[in-house]
Amino acid sequence: SAKWTGQCAQCGAWGTVSASAVPEPSRRRKSGIRSGHSARRSLPETAATLALSSGPSLRRWSTGIGEFDRVLSGGIADCAAILLGGAPGCGKSTLALQAAGGFLAARPDAETLYVSAEETAAQVADRARRVIEQDCLHRLHILSTGSAEDAVAAVDSHRPALVVFDSVQTLAYDALDSAAGNISQVRAVSEGLVRASKSAGAASLLVGHVTKDGAIAGPRTLEHLVDVVLYFETERDSELRVLRNSKNRFGGTRETGVFVMGDRGLESVPSLGEALLGERLAGASGSALGI
């Protein structure tokens with residue numbers, strides 16, 4: 001209380017309240033706040049103004065998948081953290097692996113790391129031989145583990161240019177007392193993987209599952225941890241797969257990519273109208289196409 005009182009407001013006892021002096025802020029701290037001199041000296045020594053930041057501009061690397069690159073506004077940007085969500089079985093892992101292979105083809109001096117917590121290394125390698133060019137396979141490293149600590153250690157060890165984590169719901173930190181897929185695990189895993197990738201100078205592609213209502217499983221803040229959020233969906237009663245972005249720090253968010261699953265993985269569909277017309281019955285009369 002700022003004024004004298006004889007009775008304690010908590011227990012009602014008399015004579016138990018004692019006075020205490022509130023320390024006054026030091027003159028040095030006051031002057032530092034007023035002048036701004038101390039505030040400027042407290043900035044990190046590594047911070048630089050925009051005029052002094054003369055590094056190269058942000059580069060984008062093509063994956064060779066036309067529709068995928070278009071949704072990403074030109075390809076995978078340096079150190080970009082990309083979240084790819086979709087329902088089970090829609091082709092997320094295949095698309096991620098194809099993107100990694102195309103990234104290797106565009107950068108002959110780079111290596112990629114594929115961390116799988118859902119499949120064995122042999123299963124991933126078998127699919128990689130089908131969707132990735134043979135001369136790029138020796139630069140693709142595969143790690144099968146459910147430990148987020150092992151995944152982070154692999155990123156620090158290999159220092160890849162691109163790393164794929166499949167998936168954020170099946171990786172877990174051993175130090176956390178919760179199961180994989182728990183909200184606390186998903187957030188901690190995503191934060192740790194993105195931080196490790198950016199520290200190593202690598203772009204990252206995080207595969208995630210969606211809930212019944214179509215949202216990426218996990219806390220809503222998960223989307224704020226990454227630079228790009230992609231949703232991969234299958235069209236009902238159709239072979240078409242649709243890729244759209246809901247967040248893109250490197251471009252627009254109104255692009256949509258269309259794919260169809262083929263013998264060698266996902267194939268881009270550059271002309272949606274022709275694909276839809278191809279599903280019509282031959283010789284049918286009175287049909288109309290609406291988009």
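Please read these numbers as outputs of a predicted model, since none were measured by experiment.
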**Item:** Listed partners of Lys198 passing salt bridge (Lys or Arg N to Asp or Glu O under 4.0 Å), at least two apart
**Value:** Asp227

**Prompt:** Residues in salt bridge (Lys or Arg N to Asp or Glu O under 4.0 Å) with Glu118, at least two apart?
**Reply:** none

Check: [Y] main-chain N/O paired with [X] side-chain donor or acceptor under 3.5 Å:
X      : Y      : result
Ser190 : Arg187 : no
Gln185 : Tyr173 : yes
Asp150 : Thr145 : no
Arg139 : Leu104 : yes
Asn245 : Lys247 : no
Ser157 : Ala153 : no

Qualifying side-chain hydrogen bond (donor to acceptor under 3.5 Å, both in side chains) pairs with a residue from [range], counting only residues at least two apart or across chains:
range            : answer
residues 85-97   : Ser93-Asp166
residues 66-82   : Arg59-Asp78, Trp61-Asp78, Ser62-Asp69, Thr63-Asp69, Glu67-Arg70, Arg70-Glu255, Ser73-Asn248
residues 127-136 : Glu119-Arg127

Can you measure from [atom1] ([X]) to [atom2] ([Y]) and round to the nearest 0.5 angstrom?
X      : Y      : atom1 : atom2 : value
Leu230 : Leu72  : CG    : CG    : 5.5 Å
Ile82  : Leu205 : CD1   : CG    : 5.5 Å
Glu239 : Phe259 : CD    : CZ    : 15.5 Å
Leu97  : Leu140 : CG    : CG    : 6.5 Å

**Request:** Is it possible for you to check whether Arg244 lies under 6.0 Å from the centre of the six-membered ring of Tyr231, through NZ or CZ, and within 45° of that ring's axis?
**Result:**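 Checked: cation-pi criterion met.
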
**Request:** Answer yes or no: does atom CG of Asp263 have more than 12 heavy-atom neighbours from other residues, nucleotides or ligands under 6.0 Å?
**Result:** no

**Residues which pass side chain to side chain contact (heavy atoms under 4.5 Å, CB included) with Ala200, listed by chain and number, not counting sequence neighbours** = Val155, Arg159

**Fill in**
Correct closest heavy-atom pair for Val163 and Ser197 would be CG1-OG, 3.4 Å

